[in-house]
Asks: 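I have a structure here, written as structure tokens, and I will follow up with some questions on it.
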Amino acid sequence: MEKFVITIGRQTGSRGRIIGKKLAEKLGVKCYDKEILAVAAKESGFSEQIFQYHDERPTNSFLFNLVMDTYSVGYPMSHFTELPLNQKVFLAQFDSIKKLAEEESCVIIGRCADYALKDYPNLVRIFIHGDLDYRAENIAKEQDLSLEKARDICVKTDKKRSSYYNYYSDKKWGDSTSYDLSVNSELLGIDGTVEFLEKYIKAAIK
């Protein structure tokens, strides 16, 4: 196949990260999740701890909107130095994602990668979801928590991811129209979902 990028959005507890990593293995490419933070830190000069702290956290700034509008049409970002740190971190991560796509085929999990690469030719945008009870059970087992606490984590983490995605992109997190394919991982399980996605991707990318 030609060079390609698969982006994966995921609900908390849907096993999207595990599915992404297994899918990358099947396709013979690298998977970038939190590894994106290390790449962006190395290229930007910011510490990796700063990227971890601001990872998928929403923001709000009129100045950031102005800078992103300028960035999207290719003009110099003269106001970059005036931005808050979390917005500088997003832009550094945004650039790292675009650079990775230029260099290699890969799977990228979260972090508005589908928005950063919206003009990339061989891009497949996937969203992994599942019923709340299913996802809460997964989190409860992983972290040895009560189901009530696990449900709370699912709801709050997804709310944070949704706010982050909806702010930085021009689409809506979790909405099927924002992706090429939305899959309920509970129906097929991890391995079944990976197998299904592999077939879909190979058919979609010529």
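Residue numbers count from 1 along this sequence.
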Asks: When you compare the side chain of Lys34 with that of Arg111, does any pair of heavy atoms fall below 4.5 Å?
Replies: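 With C-beta onward as the side chain, the pair touches.
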Asks: So Asp95 and Ile97, do their side chains get closer than 4.5 Å, heavy atoms only?
Replies: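 A side-chain contact under 4.5 Å is absent here.
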Asks: Do you know which two heavy atoms are closest between Ala150 and Ala136, and how far apart they sit?
Replies: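 Nearest pair, atom of Ala150 first, then Ala136: CB-O, 3.2 Å.
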Asks: If you measure only the distance, is there a donor-acceptor pair under 3.5 Å linking the side chains of Tyr179 and Lys171?
Replies: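 Note: Tyr179 and Lys171 side chains miss the donor-acceptor criterion.
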Asks: Looking at Glu198 and Lys202, does any basic side-chain N land under 4.0 Å from a carboxylate oxygen?
Replies: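 Between Lys202 and Glu198 there is a salt bridge, with a charged N closer than 4.0 Å to a carboxylate O.
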Asks: Strictly distance-based, threshold 3.5 Å: is any side-chain N or O of Ser178 a donor or acceptor partner for the main-chain N or O of Gly174?
Replies: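 Looks like no, no N/O pair under 3.5 Å.
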Asks: Do Glu137 and Lys141 sit within salt-bridge range, that is, some charged N less than 4.0 Å from a carboxylate O?
Replies: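 No, Glu137 and Lys141 are not salt-bridged.
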Asks: More than 12 non-hydrogen atoms from neighbouring residues, nucleotides or ligands closer than 6.0 Å to NZ on Lys21, yes or no?
Replies: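 Yes, enclosed.
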Asks: Quick one about Tyr32 and Glu104 (side-chain donor to acceptor, distance below 3.5 Å, no hydrogens or angles considered), yes or no?
Replies: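 A pair is found: one side chain offers a donor N or O, the other an acceptor, under 3.5 Å apart.
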Asks: Should Arg15 and Glu142 count as an ion pair when the cut-off is N to O under 4.0 Å?
Replies: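 So Arg15 pairs with Glu142 through a salt bridge.
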Asks: Tell me whether Ser14 contacts the main-chain N or O of Arg10 through its side chain, where contact means a donor paired with an acceptor under 3.5 Å.
Replies: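 Checking the backbone N and O of Arg10 against the side chain of Ser14, no donor-acceptor pair under 3.5 Å is found.
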Asks: Do other residues, nucleotides or ligands put more than 12 heavy atoms under 6.0 Å from the CD atom of Glu148?
Replies: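 Not buried by this count: 12 neighbours or fewer within 6.0 Å.
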Asks: Nearest 0.5 Å, please: how far is CD1 in Ile19 from CD1 in Ile128?
Replies: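 Going from the CD1 atom of Ile128 to the CD1 atom of Ile19 covers 4.5 Å.
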Asks: Taking the ring of Trp173 and the ring of Tyr164, is the distance between their centroids below 6.0 Å?
Replies: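 Here the rings of Trp173 and Tyr164 have centres that are no less than 6.0 Å from each other.
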Asks: Before you tell me yes or no, could you show the steps for Tyr115 and Thr7 under side chain to side chain contact (heavy atoms under 4.5 Å, CB included), namely the whole-Å CA-CA distance, both residues' side-chain angles and the distance that decides it to 0.1 Å?
Replies: CA-CA 10 Å; Tyr115 173 63; Thr7 61; over 6 Å; no
Asks: Looking only at heavy atoms, which two atoms of Tyr168 and Cys112 are closest? And how far apart?
Replies: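 Answer, listing the atom of Tyr168 first, then Cys112: CB-SG, 3.9 Å.
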Asks: Run the side chain to side chain contact (heavy atoms under 4.5 Å, CB included) test on Ile8 and Arg125 for me, step by step, so that the C-alpha distance in whole Å, both residues' side-chain angles and the decisive distance to 0.1 Å come before the verdict.
Replies: CA-CA 6 Å; Ile8 296 182; Arg125 305 161 301 168; over 6 Å; no
Asks: Tyr165, Val124: one ILVMFWY side-chain cluster at the under-4.5 Å cut-off?
Replies: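 Different clusters.
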Asks: With a 3.5 Å cut-off and no angle check, do the side chains of Tyr120 and Asp114 form a donor-acceptor pair?
Replies: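 No - no donor-acceptor pair under 3.5 Å links their side chains.
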Asks: Is the side chain of Arg135 donor-acceptor paired with the backbone N or O of Thr12 at a distance under 3.5 Å, no angle test?
Replies: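 A pair under 3.5 Å: yes.
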Asks: Between Ile109 and Gly16, what is the shortest heavy-atom contact and its length?
Replies: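 Residues Ile109 and Gly16, closest heavy atoms: CD1-O, 4.3 Å.
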Asks: Starting from Leu187, can I reach Val183 by hopping between I/L/V/M/F/W/Y residues whose side chains sit under 4.5 Å apart?
Replies: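 As far as the 4.5 Å side-chain criterion goes, Leu187 and Val183 are not connected within one cluster.
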Asks: If you draw a 6.0 Å radius around CG in Asp170, do more than 12 non-hydrogen atoms from other residues or ligands fall strictly inside?
Replies: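 Enclosed.
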Asks: Hey, could you give me the CD1/CG distance between Ile108 and Leu123, rounded to the nearest 0.5 Å?
Replies: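 The CD1 atom of Ile108 sits 9.0 Å away from the CG atom of Leu123.
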Asks: Quick one: NZ on Lys26 to CG on Leu197, what's the gap to the nearest 0.5 Å?
Replies: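 Lys26 NZ to Leu197 CG: 11.5 Å, rounded to 0.5 Å.
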Asks: Could you give the distance from OG (Ser169) to NZ (Lys118), rounded to the nearest 0.5 Å?
Replies: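 The distance works out to 9.0 Å.
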Asks: Do the side chain of Asp131 and the main chain of Asp133 share a donor and acceptor less than 3.5 angstrom apart?
Replies: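 No, Asp131 side chain to Asp133 backbone: no donor-acceptor pair under 3.5 Å.
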Asks: Looking only at side chains, do Asp158 and Ser162 share a donor and an acceptor under 3.5 Å apart?
Replies: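 Per modelled atom types, Asp158 and Ser162 side chains form no pair under 3.5 Å.
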Asks: Is it possible for you to say whether Val194 and Leu181 belong to one hydrophobic cluster, with membership spreading through side-chain heavy-atom contacts below 4.5 Å?
Replies: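 Same hydrophobic cluster.
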Asks: Please check if the side chain of Glu25 supplies one atom and the backbone of Leu23 the other of a donor-acceptor pair under 3.5 Å.
Replies: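 The answer is no, because no donor-acceptor pair under 3.5 Å joins these two groups.
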Asks: Does Ile190 belong to the same Ile/Leu/Val/Met/Phe/Trp/Tyr cluster as Phe127, with side-chain heavy atoms less than 4.5 Å apart forming each link?
Replies: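 Ile190 does not cluster with Phe127.
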Asks: Between the side chain of Lys3 and the main-chain N/O of Glu102, is any donor-acceptor distance below 3.5 Å?
Replies: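 At least one qualifying donor-acceptor pair exists.
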Asks: CG of Asn184 to OH of Tyr134: how many Å apart, nearest 0.5 Å?
Replies: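 Answer for the CG-OH pair, Asn184 versus Tyr134, is 8.0 Å.
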Asks: Once rounded to the nearest 0.5 Å, what's the spacing between atom CG of Leu145 and atom CD1 of Ile153?
Replies: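 These two atoms lie 5.0 Å from each other.
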Asks: Specify the closest pair of heavy atoms between Thr193 and Ser185, including all atoms of both residues, with the distance to one decimal.
Replies: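 Smallest interatomic distance, heavy atoms only, reads OG1-CA, 3.6 Å.
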Asks: Please determine whether side chain to side chain contact (heavy atoms under 4.5 Å, CB included) holds for the pair Leu27 and Ser105, giving the CA-CA distance in whole Å, both sets of side-chain angles, and the decisive distance to 0.1 Å.
Replies: CA-CA 9 Å; Leu27 296 172; Ser105 294; over 6 Å; no
Asks: When you look at Ile126 and Ile201, which way does the side chain to side chain contact (heavy atoms under 4.5 Å, CB included) test go after all the steps?
Replies: CA-CA 10 Å; Ile126 295 167; Ile201 290 162; 4.1 Å; yes
Asks: Does the Asn122 side chain pair with the main chain of Ile205, one donor and one acceptor, at a distance under 3.5 Å?
Replies: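 Not at all, since once roles are kept as given, no pair shorter than 3.5 Å links the two residues.
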Asks: Which heavy-atom pair separates Asn138 from Gly13 by the least distance, and what is that distance?
Replies: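 Scanning both residues completely, I find the closest heavy atoms to be ND2-O, 2.8 Å.
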Asks: Give the minimum heavy-atom separation between Val5 and Ala101, together with the two atoms involved.
Replies: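 Looking at all heavy atoms of both residues, the shortest contact is CG2-CB, 3.8 Å.
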